[in-house]
Amino acid sequence: QVQLVESGGGSVQAGGSLRLSCAASGYTYTPYYMGWFRQAPGKEREGVAAIESIGLTTYANAVKDRFTISKDNTKNTENTLYLQMNRLKPEDTAMYYCATSSAMGWGSSRALASSEYKFWGQGTQVSVFS
């Protein structure tokens, strides 16, 4: 059974940093895409960053040059996904989710589309105060 468990959220002052982790297990194959999404109260879920199994990354414009996505492939069927978030802003406040997809081919233009992702974690809250 596929399981995604996020951790690392918290409350931080603007300009600070947080590192989110997502432990993925239960796969019988390596997911093509792993991604981070976020949802603020009253807003739709949006894609933040995604990484393909071959290492290519995609970022939302709002986080480019501040956030870095990476993953640890200790085992092909167990991965840990990370999101290093620097220079955080109050508008980064949201529930952050990790998700995986094997529905897209390499270099897809839909890497940040939540509808393309099948498995989701329960989320971890990030709050940035000014």
Side-chain angles (χ1 to χ4, degrees):
Q1 182 177 351
V2 173
Q3 189 173 19
L4 302 174
V5 180
E6 301 98 334
S7 61
S11 184
V12 64
Q13 192 169 20
S17 299
L18 284 173
R19 189 192 197 203
L20 305 184
S21 299
C22 172
S25 61
Y27 290 94
T28 57
Y29 55 89
T30 300
Y32 288 1
Y33 285 80
M34 300 185 75
W36 286 100
F37 296 79
R38 66 186 183 187
Q39 188 167 20
K43 295 187 177 181
E44 293 190 357
R45 188 171 298 186
E46 62 176 353
V48 175
I51 185 167
E52 302 179 33
S53 60
I54 57 175
L56 297 179
T57 57
T58 303
Y59 293 94
N61 288 335
V63 306
K64 202 170 292 184
D65 299 326
R66 297 189 297 123
F67 291 9
T68 302
I69 189 171
S70 62
K71 62 187 177 75
D72 177 11
N73 290 336
T74 304
K75 299 180 182 180
N76 283 337
T77 57
E78 293 180 7
N79 302 272
T80 301
L81 183 69
Y82 302 100
L83 186 68
Q84 178 66 44
M85 306 185 294
N86 298 327
R87 304 197 308 277
L88 283 160
K89 303 176 181 180
E91 51 263 45
D92 294 319
T93 295
M95 185 71 78
Y96 282 71
Y97 301 89
C98 70
T100 64
S101 171
S102 290
M104 297 173 283
W106 311 127
S108 173
S109 62
R110 293 186 56 76
L112 296 182
S114 59
S115 59
E116 298 289 351
Y117 288 74
K118 180 177 181 180
F119 297 106
W120 293 82
Q122 82 289 347
T124 186
Q125 178 68 38
V126 171
S127 299
V128 185
F129 58 92
S130 57

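Sequence positions, counted from 1, serve as the residue numbers for this chain. Atom set for the values below is all heavy atoms of this structure, side chains included, hydrogens, waters and symmetry mates excluded.
- In this structure, the separation between OG on Ser127 and CD on Gln13 is 13.5 Å, given to the nearest 0.5 Å.
- Between Asn79 and Asp72, the closest side-chain pair of non-hydrogen atoms is not below 4.5 Å.
- Residues Leu18 and Val128 fail the side-chain proximity criterion, which asks for heavy atoms closer than 4.5 Å.
- The shortest distance between side-chain heavy atoms of Arg66 and Lys89 falls below 4.5 Å.
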Met104 and Ser109: CA distance, side-chain angles, deciding distance, side chain to side chain contact (heavy atoms under 4.5 Å, CB included) verdict: CA-CA 9 Å; Met104 297 173 283; Ser109 62; over 6 Å; no
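- Judged by the 6.0 Å distance and 45° axis criteria, Arg19 is positioned over the aromatic ring of Tyr82.
- Within the 4.5 Å cutoff, the side chain of Met34 has no heavy atoms near those of the Ser101 side chain.
- Residues Glu52 and Tyr32 have side chains not in contact (no heavy-atom distance under 4.5 Å, counting atoms from C-beta outward).
- Here the CD1-SG distance, from Ile69 to Cys98, works out to 9.5 Å after rounding to the nearest 0.5 Å.
- Of the listed residues (Trp120, Tyr96, Tyr97), just one forms a ring-ring contact (aromatic ring centres under 6.0 Å, His included) with Phe37, and that residue is Trp120.
- Counting heavy atoms from C-beta on, the side chains of Asp92 and Met85 never come closer than 4.5 Å.
- Atom CD of residue Glu6 and atom CD of residue Gln125 lie 12.0 Å apart, to the nearest 0.5 angstrom.
- Aromatic pair Trp36/Phe67: ring centres not closer than 6.0 Å.
- Residue Ala49 comes nearest to Leu83 through the heavy atom pair CB-CD1, 4.2 Å, listed as atom of the first residue, atom of the second, then distance.
- Open room surrounds CD on Glu44; 12 or fewer heavy atoms of other groups in view lie less than 6.0 Å from it.
- Using a 4.0 Å cut-off between charged nitrogen and carboxylate oxygen, Arg87 and Asp65 do not count as a salt-bridge pair.
- Considering all non-hydrogen atoms of both residues, Thr58 and Ala111 come closest at OG1-CB, 4.0 Å.
- When every heavy atom of Gly47 is checked against every heavy atom of Ala60, the shortest pair comes out as O-CB, 3.4 Å.
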Residue pair Glu46, Gln39: steps toward the side chain to side chain contact (heavy atoms under 4.5 Å, CB included) verdict: CA-CA 6 Å; Glu46 62 176 353; Gln39 188 167 20; over 6 Å; no
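- No side-chain heavy atom of Val48 sits under 4.5 Å from any side-chain heavy atom of Leu112.
- We find the OG-NZ distance between Ser102 and Lys118 to be 9.0 Å, quoted to the nearest 0.5 Å.
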Trace of the side chain to side chain contact (heavy atoms under 4.5 Å, CB included) decision for Thr57 with Thr68: CA-CA 9 Å; Thr57 57; Thr68 302; over 6 Å; no
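- With hydrogens and angles ignored, the 3.5 Å screen pairs no side-chain donor or acceptor of Tyr27 with any backbone N or O of Gln1.
- Atom OG in Ser25 sits 5.0 Å away from atom CD in Gln3 (nearest 0.5 Å).
- Considering all non-hydrogen atoms of both residues, Gly35 and Leu81 come closest at O-CD2, 3.8 Å.
- Contact detail for Ala94 and Ala40: the closest heavy-atom pair is CB-N, 3.8 Å.
- Using modelled atom types and a 3.5 Å distance limit, the side chains of Arg38 and Thr93 yield no donor-acceptor pair.
- No single ILVMFWY cluster, assembled from side-chain heavy atoms under 4.5 Å apart, contains both Tyr117 and Ile51.
- For the pair Thr124 (side chain) and Gly9 (backbone), a donor-acceptor distance under 3.5 Å is present.
- Side-chain contact check for Thr100 versus Tyr33: every heavy-atom pair is 4.5 Å or farther apart.
- Atom OG in Ser21 sits 9.5 Å away from atom CD in Gln84 (nearest 0.5 Å).
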